[in-house]
2 protein chains.
Amino acid sequence: MSLRHALLALLSAQPMTGYDVYRYFDSSLSYVWHAPHTQIYPELRRLEDSGLVRSEEISRGERGRKRRYHISAAGLDEFRRWVNEPLPLQRERDAHKLKAAYFEWAEPAAARRQLQAHIAHYELWAQQWEDLVDALTAREVPLLQRRLEHAPAEQHEAIIRYKVFAYEGMIRRAKAEIDWARIGLDLVAELEGQ
Amino acid sequence: MSLRHALLALLSAQPMTGYDVYRYFDSSLSYVWHAPHTQIYPELRRLEDSGLVRSEEISRGERGRKRRYHISAAGLDEFRRWVNEPLPLQRERDAHKLKAAYFEWAEPAAARRQLQAHIAHYELWAQQWEDLVDALTAREVPLLQRRLEHAPAEQHEAIIRYKVFAYEGMIRRAKAEIDWARIGLDLVAELEGQ
DNA sequence: GTGTTCATGTAAACTGTTACATGATTCC
DNA sequence: GGAATCATGTAACAGTTTACATGAACAC
(Lines give C-alpha, C1' and ligand atoms only; values in the text may rest on other atoms or scores of the structure.)
Protein backbone atom coordinates (compact mmCIF):
# COMPACT_ATOMS: atom_id res chain seq x y z
CA MET A 1 0.00 0.00 0.00
CA SER A 2 2.94 2.37 -0.44
CA LEU A 3 2.04 3.56 -3.93
CA ARG A 4 -0.95 5.45 -2.62
CA HIS A 5 1.17 7.06 0.07
CA ALA A 6 3.88 7.97 -2.43
CA LEU A 7 1.14 9.70 -4.44
CA LEU A 8 -0.20 11.49 -1.38
CA ALA A 9 3.37 12.56 -0.53
CA LEU A 10 3.81 14.18 -3.94
CA LEU A 11 0.36 15.76 -3.91
CA SER A 12 1.03 17.22 -0.46
CA ALA A 13 3.56 19.55 -2.13
CA GLN A 14 1.40 20.67 -5.03
CA PRO A 15 -1.50 19.58 -7.27
CA MET A 16 -0.43 17.34 -10.13
CA THR A 17 -1.71 15.34 -13.06
CA GLY A 18 -1.03 11.63 -13.41
CA TYR A 19 1.53 12.50 -16.04
CA ASP A 20 3.33 14.87 -13.66
CA VAL A 21 3.57 12.09 -11.08
CA TYR A 22 4.87 9.71 -13.72
CA ARG A 23 7.54 12.28 -14.69
CA TYR A 24 8.59 12.79 -11.09
CA PHE A 25 8.90 9.05 -10.57
CA ASP A 26 10.77 8.70 -13.82
CA SER A 27 13.03 11.76 -13.74
CA SER A 28 16.75 11.35 -13.27
CA LEU A 29 16.18 13.45 -10.12
CA SER A 30 14.26 10.38 -9.17
CA TYR A 31 12.82 9.14 -5.98
CA VAL A 32 12.66 6.33 -3.52
CA TRP A 33 9.53 5.07 -5.23
CA HIS A 34 8.43 4.67 -8.82
CA ALA A 35 5.57 3.21 -10.81
CA PRO A 36 4.55 2.92 -14.44
CA HIS A 37 1.75 5.15 -15.69
CA THR A 38 -0.50 2.10 -15.96
CA GLN A 39 -0.40 1.88 -12.20
CA ILE A 40 -0.54 5.60 -11.46
CA TYR A 41 -3.72 6.57 -13.31
CA PRO A 42 -5.97 3.89 -11.81
CA GLU A 43 -4.55 4.51 -8.33
CA LEU A 44 -5.31 8.23 -8.57
CA ARG A 45 -8.90 7.33 -9.51
CA ARG A 46 -9.11 5.04 -6.51
CA LEU A 47 -7.71 7.76 -4.24
CA GLU A 48 -10.44 10.03 -5.54
CA ASP A 49 -13.09 7.35 -4.91
CA SER A 50 -11.79 7.13 -1.32
CA GLY A 51 -12.03 10.92 -0.94
CA LEU A 52 -8.29 11.33 -0.29
CA VAL A 53 -7.83 13.50 -3.36
CA ARG A 54 -10.17 15.53 -5.54
CA SER A 55 -9.65 16.32 -9.20
CA GLU A 56 -10.54 18.87 -11.80
CA GLU A 57 -10.46 18.43 -15.54
CA ILE A 58 -8.54 21.19 -17.25
CA SER A 59 -8.00 21.85 -20.92
CA ARG A 60 -4.77 22.14 -22.77
CA GLY A 61 -4.90 23.72 -26.22
CA GLU A 62 -8.00 23.31 -28.35
CA ARG A 63 -9.21 19.82 -27.62
CA GLY A 64 -6.61 18.50 -25.16
CA ARG A 65 -7.79 17.50 -21.70
CA LYS A 66 -5.97 16.59 -18.53
CA ARG A 67 -6.96 15.87 -14.97
CA ARG A 68 -5.25 17.59 -12.06
CA TYR A 69 -5.40 16.04 -8.61
CA HIS A 70 -5.38 17.94 -5.30
CA ILE A 71 -4.90 16.31 -1.92
CA SER A 72 -7.92 16.67 0.40
CA ALA A 73 -8.06 17.19 4.17
CA ALA A 74 -8.85 13.48 4.51
CA GLY A 75 -5.82 12.75 2.32
CA LEU A 76 -3.57 14.82 4.57
CA ASP A 77 -4.95 12.99 7.62
CA GLU A 78 -4.35 9.63 6.00
CA PHE A 79 -0.81 10.59 5.01
CA ARG A 80 -0.01 11.81 8.52
CA ARG A 81 -1.48 8.62 9.97
CA TRP A 82 0.71 6.53 7.65
CA VAL A 83 3.89 8.45 8.53
CA ASN A 84 3.24 7.88 12.24
CA GLU A 85 2.31 4.22 11.97
CA PRO A 86 5.13 1.64 11.93
CA LEU A 87 5.63 -0.22 8.67
CA PRO A 88 5.91 -4.00 8.93
CA LEU A 89 9.55 -4.97 8.40
CA GLN A 90 9.71 -7.51 5.62
CA ARG A 91 12.22 -10.26 5.14
CA GLU A 92 14.73 -9.62 2.41
CA ARG A 93 14.33 -11.23 -0.97
CA ASP A 94 17.43 -10.56 -3.02
CA ALA A 95 17.79 -12.29 -6.37
CA HIS A 96 21.30 -10.94 -6.89
CA LYS A 97 22.57 -12.41 -3.63
CA LEU A 98 20.75 -15.66 -4.37
CA LYS A 99 22.54 -15.91 -7.70
CA ALA A 100 25.93 -14.88 -6.27
CA ALA A 101 25.64 -17.73 -3.75
CA TYR A 102 25.83 -20.11 -6.71
CA PHE A 103 28.53 -18.45 -8.82
CA GLU A 104 30.49 -21.69 -8.80
CA TRP A 105 27.97 -22.71 -11.49
CA ALA A 106 28.85 -19.69 -13.66
CA GLU A 107 31.63 -19.02 -16.11
CA PRO A 108 34.08 -16.62 -14.42
CA ALA A 109 33.52 -14.15 -17.27
CA ALA A 110 29.75 -14.26 -16.75
CA ALA A 111 30.10 -13.75 -13.00
CA ARG A 112 32.48 -10.85 -13.62
CA ARG A 113 30.11 -9.18 -16.10
CA GLN A 114 27.25 -9.42 -13.62
CA LEU A 115 29.29 -7.93 -10.79
CA GLN A 116 30.51 -5.13 -13.05
CA ALA A 117 26.93 -4.38 -14.08
CA HIS A 118 26.00 -4.34 -10.39
CA ILE A 119 28.73 -1.79 -9.67
CA ALA A 120 27.83 0.38 -12.66
CA HIS A 121 24.15 0.35 -11.69
CA TYR A 122 24.73 1.43 -8.11
CA GLU A 123 27.42 3.96 -9.06
CA LEU A 124 24.90 5.63 -11.36
CA TRP A 125 22.23 5.69 -8.67
CA ALA A 126 24.63 6.79 -5.94
CA GLN A 127 25.60 9.72 -8.16
CA GLN A 128 21.99 10.65 -8.82
CA TRP A 129 21.07 10.48 -5.16
CA GLU A 130 24.15 12.53 -4.25
CA ASP A 131 23.17 15.15 -6.81
CA LEU A 132 19.69 15.19 -5.35
CA VAL A 133 21.04 15.64 -1.81
CA ASP A 134 23.08 18.60 -3.04
CA ALA A 135 20.10 20.09 -4.83
CA LEU A 136 17.86 19.63 -1.78
CA THR A 137 20.46 21.25 0.50
CA ALA A 138 20.72 24.21 -1.89
CA ARG A 139 16.89 24.39 -2.00
CA GLU A 140 17.05 24.10 -5.78
CA VAL A 141 14.45 21.37 -6.14
CA PRO A 142 11.21 22.89 -7.49
CA LEU A 143 8.91 20.50 -5.63
CA LEU A 144 10.76 21.25 -2.38
CA GLN A 145 10.34 24.97 -3.04
CA ARG A 146 6.55 24.51 -3.45
CA ARG A 147 6.54 22.58 -0.20
CA LEU A 148 8.49 25.24 1.72
CA GLU A 149 6.21 28.00 0.38
CA HIS A 150 3.22 26.77 2.34
CA ALA A 151 5.06 25.60 5.45
CA PRO A 152 6.05 27.84 8.38
CA ALA A 153 9.72 28.91 8.27
CA GLU A 154 10.61 27.11 11.49
CA GLN A 155 9.73 23.78 9.79
CA HIS A 156 11.90 24.35 6.75
CA GLU A 157 15.02 22.81 8.21
CA ALA A 158 13.23 19.63 9.29
CA ILE A 159 11.55 19.28 5.87
CA ILE A 160 14.89 19.46 4.09
CA ARG A 161 16.93 17.41 6.50
CA TYR A 162 14.53 14.45 6.58
CA LYS A 163 14.58 14.31 2.79
CA VAL A 164 18.36 14.47 2.77
CA PHE A 165 18.37 11.76 5.45
CA ALA A 166 16.21 9.46 3.33
CA TYR A 167 18.41 9.81 0.25
CA GLU A 168 21.54 9.34 2.33
CA GLY A 169 20.10 5.98 3.28
CA MET A 170 19.84 5.13 -0.40
CA ILE A 171 23.43 6.29 -0.95
CA ARG A 172 24.68 4.13 1.93
CA ARG A 173 22.95 1.12 0.52
CA ALA A 174 24.37 1.80 -2.95
CA LYS A 175 27.88 2.05 -1.51
CA ALA A 176 27.43 -1.19 0.41
CA GLU A 177 26.40 -2.89 -2.85
CA ILE A 178 29.40 -1.45 -4.70
CA ASP A 179 31.86 -2.55 -1.99
CA TRP A 180 30.28 -5.99 -1.99
CA ALA A 181 30.50 -6.42 -5.74
CA ARG A 182 34.17 -5.29 -5.77
CA ILE A 183 34.98 -7.99 -3.23
CA GLY A 184 33.15 -10.38 -5.53
CA LEU A 185 35.36 -9.41 -8.46
CA ASP A 186 38.46 -10.13 -6.36
CA LEU A 187 36.97 -13.45 -5.32
CA VAL A 188 36.20 -14.49 -8.91
CA ALA A 189 39.79 -13.62 -9.88
CA GLU A 190 41.22 -15.51 -6.93
CA LEU A 191 39.17 -18.65 -7.54
CA GLU A 192 39.76 -18.54 -11.28
CA GLY A 193 43.51 -18.54 -10.71
CA GLN A 194 43.38 -21.85 -8.90
CA MET B 1 11.03 -15.71 -11.78
CA SER B 2 13.46 -16.12 -8.89
CA LEU B 3 11.29 -18.44 -6.82
CA ARG B 4 11.70 -21.27 -9.30
CA HIS B 5 15.46 -20.72 -9.33
CA ALA B 6 15.61 -20.62 -5.54
CA LEU B 7 13.82 -23.98 -5.57
CA LEU B 8 16.20 -25.39 -8.18
CA ALA B 9 19.13 -24.11 -6.08
CA LEU B 10 17.90 -26.02 -3.02
CA LEU B 11 17.07 -29.14 -5.00
CA SER B 12 20.54 -29.09 -6.58
CA ALA B 13 21.91 -30.01 -3.14
CA GLN B 14 19.50 -32.81 -2.35
CA PRO B 15 15.95 -34.07 -3.03
CA MET B 16 13.32 -32.41 -0.88
CA THR B 17 9.61 -32.23 -0.20
CA GLY B 18 7.73 -28.95 -0.41
CA TYR B 19 7.64 -28.93 3.35
CA ASP B 20 11.44 -29.30 3.52
CA VAL B 21 11.80 -26.26 1.23
CA TYR B 22 9.38 -24.32 3.38
CA ARG B 23 11.41 -25.19 6.49
CA TYR B 24 14.66 -24.12 4.84
CA PHE B 25 13.16 -20.81 3.77
CA ASP B 26 11.70 -20.34 7.20
CA SER B 27 14.54 -21.52 9.40
CA SER B 28 16.40 -19.05 11.53
CA LEU B 29 19.46 -20.18 9.58
CA SER B 30 17.50 -18.60 6.84
CA TYR B 31 18.24 -17.65 3.33
CA VAL B 32 18.30 -14.84 0.81
CA TRP B 33 14.92 -15.95 -0.43
CA HIS B 34 11.72 -17.12 1.19
CA ALA B 35 8.17 -17.98 0.28
CA PRO B 36 5.04 -19.24 2.02
CA HIS B 37 4.01 -22.85 1.52
CA THR B 38 1.06 -21.66 -0.57
CA GLN B 39 3.54 -20.49 -3.18
CA ILE B 40 6.00 -23.38 -2.87
CA TYR B 41 3.68 -26.32 -3.51
CA PRO B 42 2.14 -25.01 -6.75
CA GLU B 43 5.54 -23.86 -8.04
CA LEU B 44 7.02 -27.32 -7.47
CA ARG B 45 4.13 -28.77 -9.50
CA ARG B 46 4.82 -26.29 -12.27
CA LEU B 47 8.52 -27.15 -12.22
CA GLU B 48 7.53 -30.78 -12.64
CA ASP B 49 5.21 -29.90 -15.54
CA SER B 50 8.15 -28.11 -17.18
CA GLY B 51 10.35 -31.17 -16.68
CA LEU B 52 12.85 -29.34 -14.49
CA VAL B 53 12.18 -31.60 -11.51
CA ARG B 54 10.66 -35.05 -11.11
CA SER B 55 8.86 -36.32 -8.05
CA GLU B 56 8.06 -39.51 -6.24
CA GLU B 57 5.33 -40.05 -3.72
CA ILE B 58 6.60 -41.65 -0.58
CA SER B 59 4.73 -42.81 2.49
CA ARG B 60 5.25 -41.76 6.03
CA GLY B 61 3.73 -43.96 8.72
CA GLU B 62 0.52 -45.86 7.99
CA ARG B 63 -1.52 -43.51 5.84
CA GLY B 64 0.70 -40.41 5.55
CA ARG B 65 1.96 -39.42 2.09
CA LYS B 66 4.50 -36.91 0.96
CA ARG B 67 6.04 -35.99 -2.37
CA ARG B 68 9.78 -35.69 -2.78
CA TYR B 69 11.21 -33.66 -5.64
CA HIS B 70 14.49 -34.36 -7.44
CA ILE B 71 16.14 -31.94 -9.85
CA SER B 72 16.39 -33.29 -13.43
CA ALA B 73 19.17 -32.83 -15.99
CA ALA B 74 16.99 -30.18 -17.66
CA GLY B 75 16.61 -28.49 -14.27
CA LEU B 76 20.37 -28.40 -13.77
CA ASP B 77 20.78 -26.92 -17.26
CA GLU B 78 18.16 -24.28 -16.56
CA PHE B 79 19.75 -23.39 -13.24
CA ARG B 80 23.20 -23.10 -14.82
CA ARG B 81 21.72 -20.95 -17.59
CA TRP B 82 20.10 -18.66 -15.00
CA VAL B 83 23.31 -18.27 -12.97
CA ASN B 84 25.21 -17.24 -16.12
CA GLU B 85 22.58 -14.86 -17.47
CA PRO B 86 22.56 -11.28 -16.14
CA LEU B 87 19.59 -10.33 -13.99
CA PRO B 88 17.86 -7.08 -14.92
CA LEU B 89 18.78 -4.46 -12.32
CA GLN B 90 15.62 -3.04 -10.89
CA ARG B 91 15.06 0.42 -9.52
CA GLU B 92 14.79 0.61 -5.78
CA ARG B 93 11.42 0.85 -4.12
CA ASP B 94 11.91 1.50 -0.43
CA ALA B 95 8.88 2.27 1.69
CA HIS B 96 11.01 2.95 4.78
CA LYS B 97 13.06 5.62 3.02
CA LEU B 98 9.90 7.06 1.50
CA LYS B 99 8.40 7.42 4.93
CA ALA B 100 11.58 8.78 6.52
CA ALA B 101 11.61 11.53 3.87
CA TYR B 102 8.40 12.83 5.47
CA PHE B 103 9.22 12.43 9.17
CA GLU B 104 8.42 16.12 9.69
CA TRP B 105 4.81 14.89 9.57
CA ALA B 106 5.41 12.41 12.40
CA GLU B 107 5.48 12.77 16.15
CA PRO B 108 9.14 12.58 17.26
CA ALA B 109 8.26 9.60 19.46
CA ALA B 110 6.67 7.78 16.51
CA ALA B 111 9.68 8.47 14.28
CA ARG B 112 12.01 7.26 17.01
CA ARG B 113 10.03 4.05 17.53
CA GLN B 114 10.18 3.29 13.83
CA LEU B 115 13.92 3.88 13.62
CA GLN B 116 14.50 1.73 16.70
CA ALA B 117 12.42 -1.06 15.15
CA HIS B 118 14.49 -0.69 11.97
CA ILE B 119 17.72 -1.10 13.97
CA ALA B 120 16.39 -4.06 15.96
CA HIS B 121 15.22 -5.78 12.77
CA TYR B 122 18.54 -5.46 10.95
CA GLU B 123 20.58 -6.29 14.06
CA LEU B 124 18.67 -9.54 14.35
CA TRP B 125 19.19 -10.39 10.70
CA ALA B 126 22.85 -9.31 10.71
CA GLN B 127 23.41 -11.67 13.63
CA GLN B 128 21.67 -14.55 11.86
CA TRP B 129 23.60 -14.01 8.65
CA GLU B 130 26.86 -13.79 10.62
CA ASP B 131 26.05 -17.04 12.38
CA LEU B 132 25.33 -18.61 9.00
CA VAL B 133 28.65 -17.36 7.59
CA ASP B 134 30.44 -18.95 10.56
CA ALA B 135 28.53 -22.20 10.12
CA LEU B 136 29.26 -22.28 6.38
CA THR B 137 32.96 -21.62 6.97
CA ALA B 138 33.09 -24.43 9.53
CA ARG B 139 31.20 -26.67 7.05
CA GLU B 140 28.57 -27.27 9.70
CA VAL B 141 25.54 -26.59 7.49
CA PRO B 142 23.86 -29.91 6.59
CA LEU B 143 22.69 -28.77 3.16
CA LEU B 144 26.22 -27.57 2.34
CA GLN B 145 27.57 -30.94 3.44
CA ARG B 146 25.20 -32.74 1.03
CA ARG B 147 26.35 -30.38 -1.71
CA LEU B 148 30.05 -30.99 -1.04
CA GLU B 149 29.52 -34.76 -0.98
CA HIS B 150 28.70 -34.91 -4.66
CA ALA B 151 31.10 -32.21 -5.86
CA PRO B 152 34.80 -32.75 -6.65
CA ALA B 153 37.10 -31.66 -3.83
CA GLU B 154 38.74 -28.90 -5.90
CA GLN B 155 35.36 -27.14 -6.13
CA HIS B 156 34.67 -27.19 -2.40
CA GLU B 157 36.38 -23.90 -1.69
CA ALA B 158 34.46 -22.05 -4.43
CA ILE B 159 31.14 -23.52 -3.29
CA ILE B 160 31.69 -22.31 0.25
CA ARG B 161 33.23 -18.95 -0.53
CA TYR B 162 30.49 -17.85 -2.94
CA LYS B 163 27.87 -18.64 -0.32
CA VAL B 164 29.79 -16.73 2.31
CA PHE B 165 30.17 -13.88 -0.19
CA ALA B 166 26.40 -13.73 -0.77
CA TYR B 167 25.60 -13.59 2.95
CA GLU B 168 28.31 -11.02 3.53
CA GLY B 169 26.43 -8.85 1.07
CA MET B 170 23.34 -9.20 3.21
CA ILE B 171 25.37 -8.34 6.33
CA ARG B 172 26.79 -5.22 4.66
CA ARG B 173 23.33 -4.07 3.71
CA ALA B 174 22.05 -4.69 7.24
CA LYS B 175 24.91 -2.66 8.70
CA ALA B 176 24.26 0.18 6.27
CA GLU B 177 20.61 0.20 7.42
CA ILE B 178 21.61 0.20 11.09
CA ASP B 179 24.08 3.06 10.61
CA TRP B 180 21.47 5.00 8.68
CA ALA B 181 18.78 4.56 11.33
CA ARG B 182 21.18 5.61 14.12
CA ILE B 183 21.87 8.84 12.26
CA GLY B 184 18.10 9.24 12.02
CA LEU B 185 17.73 8.90 15.79
CA ASP B 186 20.29 11.68 16.27
CA LEU B 187 18.47 13.81 13.72
CA VAL B 188 15.10 13.36 15.43
CA ALA B 189 16.67 14.36 18.76
CA GLU B 190 18.37 17.39 17.22
CA LEU B 191 15.26 18.67 15.48
CA GLU B 192 13.06 17.94 18.48
CA GLY B 193 15.28 20.13 20.63
CA GLN B 194 14.63 23.16 18.47
C1' DG C 1 4.48 16.75 -42.24
C1' DT C 2 6.91 14.22 -38.90
C1' DG C 3 8.87 13.10 -34.68
C1' DT C 4 8.80 14.00 -29.71
C1' DT C 5 6.42 14.92 -25.74
C1' DC C 6 2.10 15.29 -23.33
C1' DA C 7 -1.77 12.75 -21.77
C1' DT C 8 -4.62 8.73 -20.54
C1' DG C 9 -6.37 4.50 -20.57
C1' DT C 10 -7.61 -1.25 -20.72
C1' DA C 11 -6.32 -5.98 -20.12
C1' DA C 12 -3.63 -9.98 -19.43
C1' DA C 13 -0.04 -12.11 -17.02
C1' DC C 14 2.69 -12.73 -13.21
C1' DT C 15 4.18 -12.56 -8.26
C1' DG C 16 3.24 -12.51 -3.67
C1' DT C 17 0.08 -12.37 0.61
C1' DT C 18 -3.68 -13.78 3.47
C1' DA C 19 -7.56 -16.52 4.66
C1' DC C 20 -9.54 -20.85 4.77
C1' DA C 21 -9.10 -25.85 4.95
C1' DT C 22 -7.79 -30.72 5.92
C1' DG C 23 -5.68 -34.64 7.87
C1' DA C 24 -1.72 -37.69 9.51
C1' DT C 25 2.15 -38.39 12.75
C1' DT C 26 4.68 -37.91 16.85
C1' DC C 27 5.63 -36.78 21.48
C1' DC C 28 4.05 -36.20 26.12
C1' DG D 1 -6.28 -37.67 24.62
C1' DG D 2 -4.20 -33.28 23.28
C1' DA D 3 -0.69 -30.33 21.44
C1' DA D 4 2.92 -29.62 18.24
C1' DT D 5 4.69 -30.71 13.99
C1' DC D 6 4.49 -32.73 9.44
C1' DA D 7 2.28 -32.32 5.10
C1' DT D 8 -0.48 -30.34 1.36
C1' DG D 9 -3.68 -27.89 -0.78
C1' DT D 10 -7.55 -23.98 -2.81
C1' DA D 11 -9.14 -19.32 -3.36
C1' DA D 12 -9.42 -14.52 -2.98
C1' DC D 13 -6.98 -10.55 -3.06
C1' DA D 14 -3.21 -7.10 -3.69
C1' DG D 15 0.50 -5.29 -6.19
C1' DT D 16 3.43 -5.03 -10.31
C1' DT D 17 4.78 -5.63 -15.13
C1' DT D 18 4.04 -5.87 -19.94
C1' DA D 19 1.46 -5.50 -24.05
C1' DC D 20 -1.74 -3.09 -26.56
C1' DA D 21 -4.02 1.29 -27.63
C1' DT D 22 -5.28 6.11 -28.72
C1' DG D 23 -4.92 10.85 -29.66
C1' DA D 24 -3.65 15.92 -28.97
C1' DA D 25 -0.02 19.50 -28.77
C1' DC D 26 4.26 21.27 -30.02
C1' DA D 27 8.67 22.09 -32.16
C1' DC D 28 11.30 21.78 -36.39
Side-chain angles (χ1 to χ4, degrees), chain A residues 1-8 10 15-28 31-50 53 55-69 82 87-95 98, chain B residues 1-8 10 15-28 31-50 53 55-69 82 87-95 98:
Chain A
M1 272 314 236
S2 284
L3 173 58
R4 63 191 304 128
H5 296 104
L7 296 175
L8 291 174
L10 283 178
M16 284 188 194
T17 66
Y19 191 76
D20 293 336
V21 171
Y22 165 66
R23 295 270 89 188
Y24 271 100
F25 278 168
D26 202 53
S27 71
S28 61
Y31 212 57
V32 289
W33 204 263
H34 67 99
H37 77 274
T38 54
Q39 208 184 354
I40 294 165
Y41 291 114
E43 190 62 41
L44 283 169
R45 293 285 182 166
R46 277 192 289 270
L47 281 167
E48 189 169 24
D49 293 343
S50 315
V53 305
S55 74
E56 48 175 342
E57 199 180 61
I58 53 184
S59 53
R60 50 184 286 271
E62 289 289 297
R63 270 179 300 274
R65 292 240 157 269
K66 58 180 175 179
R67 184 162 292 276
R68 185 157 54 196
Y69 291 89
W82 178 76
L87 264 185
L89 282 144
Q90 305 277 322
R91 292 187 51 186
E92 306 286 331
R93 206 178 253 135
D94 187 328
L98 171 62
Chain B
M1 276 308 242
S2 283
L3 173 60
R4 62 191 305 128
H5 296 105
L7 296 175
L8 291 174
L10 284 177
M16 284 187 192
T17 67
Y19 190 78
D20 291 336
V21 171
Y22 165 68
R23 294 270 92 190
Y24 272 101
F25 278 167
D26 202 54
S27 70
S28 60
Y31 212 55
V32 288
W33 205 265
H34 66 101
H37 77 274
T38 53
Q39 209 184 356
I40 294 164
Y41 291 113
E43 189 63 41
L44 284 169
R45 291 287 182 168
R46 278 192 289 271
L47 280 168
E48 188 167 24
D49 293 343
S50 315
V53 304
S55 74
E56 51 175 338
E57 199 180 62
I58 52 185
S59 53
R60 49 182 287 269
E62 289 290 298
R63 267 177 303 274
R65 292 242 155 268
K66 59 180 174 177
R67 183 162 291 276
R68 184 158 54 194
Y69 292 87
W82 177 77
L87 263 186
L89 281 144
Q90 306 276 322
R91 291 188 51 186
E92 306 286 329
R93 204 179 256 134
D94 188 328
L98 172 62

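Just so you know, these numbers use all the heavy atoms, side chains as well, and skip hydrogens, waters and symmetry mates.
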Practice task
Indicate, with a heavy-atom threshold strictly under 4.0 Å, whether B:R46 touches base, sugar-phosphate, or nothing.
Solution key: nothing

Handout entry: Interface with DNA chain C, restricted to residues 37-44 of chain A and to heavy atoms under 4.0 Å
Key = A:H37, A:T38, A:Y41

Fill in the blank from the handout: Heavy atoms of B:I40 and B:G18 approach each other most closely as CG2-O, 3.9 Å

Exercise for the section: Kindly give the heavy-atom pair with the smallest separation between B:L98 and A:V32, and that separation in Å. Expected result: CA-CG2, 3.4 Å

Separation of [N] [atom2] from [X] [atom1] (nearest whole Å):
X	N	atom1	atom2	result
B:R91	D:dT16	CZ	C1'	14 Å
B:R67	C:dA24	CZ	P	18 Å
A:L3	D:dT17	CG	C1'	13 Å
B:Y22	D:dC6	OH	P	10 Å
B:H34	C:dT15	NE2	C1'	12 Å
B:I58	C:dA24	CD1	P	18 Å
B:L89	D:dT17	CG	C1'	17 Å
A:Q90	C:dT15	CD	P	18 Å

Exercise for the section: Summarise how protein sits on nucleotides 22-28 of chain D as a single string, 5' to 3': B when a protein heavy atom is under 4.0 Å from the base, S for sugar-phosphate-only contact, - for no contact. Expected result: --SS---

Problem - Polar side chain donor-acceptor pair, A:S55 to A:R45, under 3.5 angstrom - result: no

Completion exercise
Between B:T17 and A:W33, the residue closer to the 5' end of DNA chain D by nearest nucleotide is B:T17

Practice task
Specify the residue among A:A35 and B:D20 whose closest nucleotide of DNA chain D lies further upstream toward the 5′ end.
Solution key: B:D20

Fill in the blank from the handout: Side-chain contact check for A:Y19: nearest option of C:dC6, C:dT17, D:dC6 is C:dC6

Problem - Side-chain N,O (B:R45) to OP1/OP2 (D:dT8) below 4.0 Å - result: no

Exercise for the section: Give a yes/no answer on whether the side chain of B:R4 brings an N or O atom under 4.0 Å of OP1 or OP2 in C:dG16. Expected result: no

Mind checking what makes salt bridge (charged side-chain N to carboxylate O under 4.0 Å, His left out) contact with [X], not counting sequence neighbours?
X	result
B:R46	B:E43
B:D20	none
B:E57	B:R65, B:R67

Handout entry: Parallel, tilted or perpendicular, as decided by the 30° and 60° cut-offs, for the rings of B:Y41 and B:H37
Key = perpendicular

Practice task
Report the residue from A:Y24, A:F25, A:Y22 that forms a ring pair (Phe, Tyr, Trp, His ring centres under 6.0 Å) with A:Y31.
Solution key: A:F25

Handout entry: Residues which pass ring pair (Phe, Tyr, Trp, His ring centres under 6.0 Å) with A:H5, listed by chain and number, not counting sequence neighbours
Key = A:W82

